[in-house]
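What follows is a set of notes on a single structure, which appears directly below.
FYI, side chains are in, hydrogens and waters are out, and symmetry mates aren't considered; it's all heavy atoms of this structure. Here is the naming used below: chain letters follow the sequence lines, and residue numbers restart at 1 for every chain.
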There are 2 protein chains.
Amino acid sequence: MAKEKDNKTEKAILEAALKVFTEKGFAAARMDDIAKEAQINRALLHYYFRSKDKMFDLIFSQRISEFLSGIALQIFSEKSLEDKITGIVDHEINTLSAHPYLPIFIFQELTQNPERIVQHAKNVGAHPGDMLKKFSLQVNEEIKKGTIRSVDPIQLFMNIMSMAIYPFVARPIIKMMLEFDDAGFNKLMKKRKEAVTDFIYKSLRP
Amino acid sequence: MAKEKDNKTEKAILEAALKVFTEKGFAAARMDDIAKEAQINRALLHYYFRSKDKMFDLIFSQRISEFLSGIALQIFSEKSLEDKITGIVDHEINTLSAHPYLPIFIFQELTQNPERIVQHAKNVGAHPGDMLKKFSLQVNEEIKKGTIRSVDPIQLFMNIMSMAIYPFVARPIIKMMLEFDDAGFNKLMKKRKEAVTDFIYKSLRP
DNA sequence: CCATAGTTTAACTTAATTGTTAAATAATAT
DNA sequence: ATATTATTTAACAATTAAGTTAAACTATGG
């Protein structure tokens with residue numbers, strides 16, 4: 001089993017690390033958990049990645065970059081404002097339905113280490129502040145054209161991200177309130193895509 | 001300094017525990033941190049509260065109960081739908097402006113221990129599921145009356161909570177994107193109270 | 001003033017976890 | 001076939017944190 005050109009063990013470890021880190025957070029994650037999840041032993045973990053910190057940095061920078069670039073991709077596309085909003089909502093709900101633990105993981109670790117984002121933000125190419133500027137510009141154009149009512153673009157942007165992402169943060173409470181299992185929750189989120197975009201467009205009517 | 005009728009040390013410890021637990025989460029919180037924050041030593045911590053787990057349970061159940069009962073208070077009030085929505089948004093943003101780490105703390109710990117909520121939910125009196133039913137009833141009444149357009153009450157409820165709470169979850173990213181410090185962020189949240197209620201009412205126009 | 005509850009200090013135990021290492025074994029590329 | 005890489009095993013060192021304990025000290029209510 002030597003010299004695998006397809007490095008499947010490395011992949012298995014990274015997958016396992018992603019799962020354990022996102023589900024438990026850095027502090028509560030155990031190297032043993034990751035090893036078990038990857039179906040190998042702790043020694044091999046250190047054979048591939050030297051330390052817990054190194055593994056975490058790798059996983060975290062991947063996730064934060066993907067999170068930011070996913071939004072950037074929509075914002076800097078050539079779509080109409082309406083299509084962009086739909087694009088953002090659909091993209092977030094689709095992504096998080098597959099990885100519901102991601103937002104809490106990202107925000108929990110970011111809260112404890114806010115400097116981290118500054119470094120990783122650069123990987124995305126554009127400065128994250130530019131996304132908001134670009135978005136604001138397009139919103140103000142539509143207001144001037146009269147296609148939407150007057151609205152603060154920054155508050156609008158927060159509204160869009162909030163409604164798309166928050167339910168995954170509050171997932172345990174929502175599941176309890178509605179007595180839903182995972183399947184029920186995912187169905188609700190699928191319906192939610194249209195509910196959210198509709199709610200936004202309706203609000204933006206002049 | 002014996003036989004203090006005002007148990008100021010106990011209060012100092014609980015305040016410190018709240019701060020450290022909410023900022024770092026259970027796993028990363030250190031008893032030493034709490035002791036230092038309360039300006040006492042670790043021995044005295046165990047003199048008052050036997051273990052880290054006991055302290056955490058106390059803090060956590062306080063917070064989750066307050067979170068749920070804060071919402072319940074609004075939902076079961078005698079206000080009009082519009083005033084309730086304003087009440088919820090104002091209450092959440094006011095509370096979280098003073099305790100911005102609360103939501104991530106609650107959801108992070110709840111995600112890792114979803115059974116917890118079932119027990120604490122009972123402390124609130126009403127079953128949390130009843131809140132949604134009560135809210136849905138009132139929304140459907142307004143729809144029938146024609147004062148608001150047709151809308152799924154559950155999605156509406158998620159929208160309200162999302163827009164009020166999510167910015168505090170995403171606080172580090174928002175602060176970075178806008179290059180805001182704490183004061184700037186709080187001003188933004190103050191403005192946001194009206195922005196959110198306005199956004200909702202505008203969307204609900206028939 | 002003195003018994004009592006509060007508090008500190010410091011040393012200690014215990015347990016958990018990360019990280020290391022050496023030696024043995026398995027698989028495979030050349 | 002053999003050199004090389006991958007993997008396991010198992011024991012160990014180092015570190016960190018929680019929790020305990022005893023002794024001494026402090027403040028104060030009665």
Side-chain angles (χ1 to χ4, degrees), chain A residues 1-62 101 105 108-109 111-113 116, chain B residues 1-62 101 105 108-109 111-113 116:
Chain A
M1 218 191 289
K3 277 183 180 166
E4 302 257 3
K5 44 190 162 248
D6 56 342
N7 39 4
K8 71 169 190 183
T9 301
E10 198 175 325
K11 275 183 192 169
I13 293 175
L14 285 174
E15 242 179 80
L18 174 65
K19 185 165 188 243
V20 173
F21 276 134
T22 51
E23 284 182 13
K24 306 207 171 187
F26 177 79
R30 298 285 161 254
M31 293 300 267
D32 261 345
D33 298 339
I34 298 174
K36 266 180 202 152
E37 182 68 35
Q39 302 191 43
I40 52 154
N41 50 50
R42 240 177 39 254
L44 197 59
L45 229 54
H46 287 90
Y47 177 82
Y48 276 91
F49 306 91
R50 244 162 291 183
S51 71
K52 188 182 179 185
D53 288 275
K54 285 213 174 63
M55 287 193 65
F56 179 81
D57 282 344
L58 208 64
I59 298 290
F60 185 76
S61 63
Q62 276 176 8
Y101 296 103
F105 169 68
Q108 158 83 1
E109 302 299 342
T111 298
Q112 275 174 68
N113 237 327
R116 272 196 152 119
Chain B
M1 219 189 289
K3 278 185 180 169
E4 300 258 7
K5 42 189 164 244
D6 56 339
N7 39 6
K8 70 170 191 183
T9 301
E10 198 174 327
K11 275 183 190 169
I13 293 175
L14 284 174
E15 241 180 81
L18 174 64
K19 185 165 190 243
V20 174
F21 277 134
T22 50
E23 285 182 12
K24 305 206 172 187
F26 177 80
R30 298 285 160 255
M31 293 299 267
D32 261 345
D33 297 340
I34 298 174
K36 265 179 202 155
E37 182 69 35
Q39 302 191 45
I40 52 154
N41 51 51
R42 239 176 39 254
L44 197 58
L45 229 54
H46 287 89
Y47 178 83
Y48 276 90
F49 306 89
R50 242 162 293 184
S51 71
K52 187 184 180 185
D53 288 275
K54 285 215 174 64
M55 287 193 65
F56 179 80
D57 282 345
L58 209 65
I59 299 291
F60 185 75
S61 64
Q62 277 177 7
Y101 296 102
F105 169 69
Q108 158 83 3
E109 302 299 341
T111 299
Q112 274 172 69
N113 238 328
R116 274 196 150 121

Please report, rounded to the nearest Å, how far the P atom of dT7(D) is from the CD atom of E10(A). 10 Å

Check: Y47(A) main-chain N/O paired with R50(A) side-chain donor or acceptor under 3.5 Å: no

Atom CZ of F21(B) and atom C1' of dA17(D) are separated, to the nearest Å, by 13 Å

Gap between atom CD of Q108(B) and atom CD of E109(A) - 0.5 Å precision: 7.5 Å

Between Y101(A) and F105(A), does the ring centre distance come in under 6.0 Å? no

What nucleotide, of dT18(C), dT8(D), dT7(C), holds the atom closest to the side chain of A43(A)? dT8(D)

Kindly say whether, by distance alone, the side chain of R50(B) makes a donor-acceptor pair under 3.5 Å with the base of dG19(D)? no

Is T9(A) close enough to dT7(D) that one of its side-chain N or O atoms is under 4.0 Å from OP1 or OP2 there? yes

Is the side chain of K52(A) donor-acceptor paired with the backbone N or O of F26(A) at a distance under 3.5 Å, no angle test? yes

Over how many whole Å does the gap from Y47(A) atom OH to dT5(D) atom P extend? 8 Å

Closest approach to the side chain of N41(B), judged atom by atom: which nucleotide of dT9(C), dG19(D), dT7(D) is it? dT9(C)

Hey, does F49(B) reach any base, or is it just sugar-phosphate, or nothing, if we go heavy atoms under 4.0 Å? nothing

For atom NZ of K24(A) and atom C1' of dA16(C), their distance in whole Å: 14 Å

Which residues, if any, of residues 26-38 of chain A bring a heavy atom under 4.0 Å of DNA chain C? A29(A), R30(A), M31(A)

Roughly how far, to the nearest 0.5 Å, is CD1 of I34(B) from CD1 of I59(B)? 8.0 Å

In whole Å, I'd like the distance from the CG atom of L45(A) to the C1' atom of dT20(C). 14 Å

I need the minimum non-hydrogen distance between D32(B) and R42(B), along with the two atoms involved. OD1-CD, 3.2 Å

Enter the distance from M55(A):CE to L18(A):CG here, rounded to the nearest 0.5 Å. 10.0 Å

Which nucleotide in the set dA6(D), dT20(C), dT9(D) lies at the smallest distance from any side-chain heavy atom of H46(A)? dT20(C)

Over how many whole Å does the gap from L44(B) atom CG to dG19(D) atom P extend? 15 Å

Please tabulate, one pair per line, each protein N/O and nucleotide N/O from nucleotides 23-25 of chain C that are separated by under 3.5 Å, including the distance.
none

With nearest nucleotide decided by heavy atoms, which residue, Q39(B) or R42(B), maps closer to the 5′ end of DNA chain C? Q39(B)

Between dG19(D), dA6(D), dG19(C), spot the one nearest the side chain of D53(A), thanks. dG19(C)

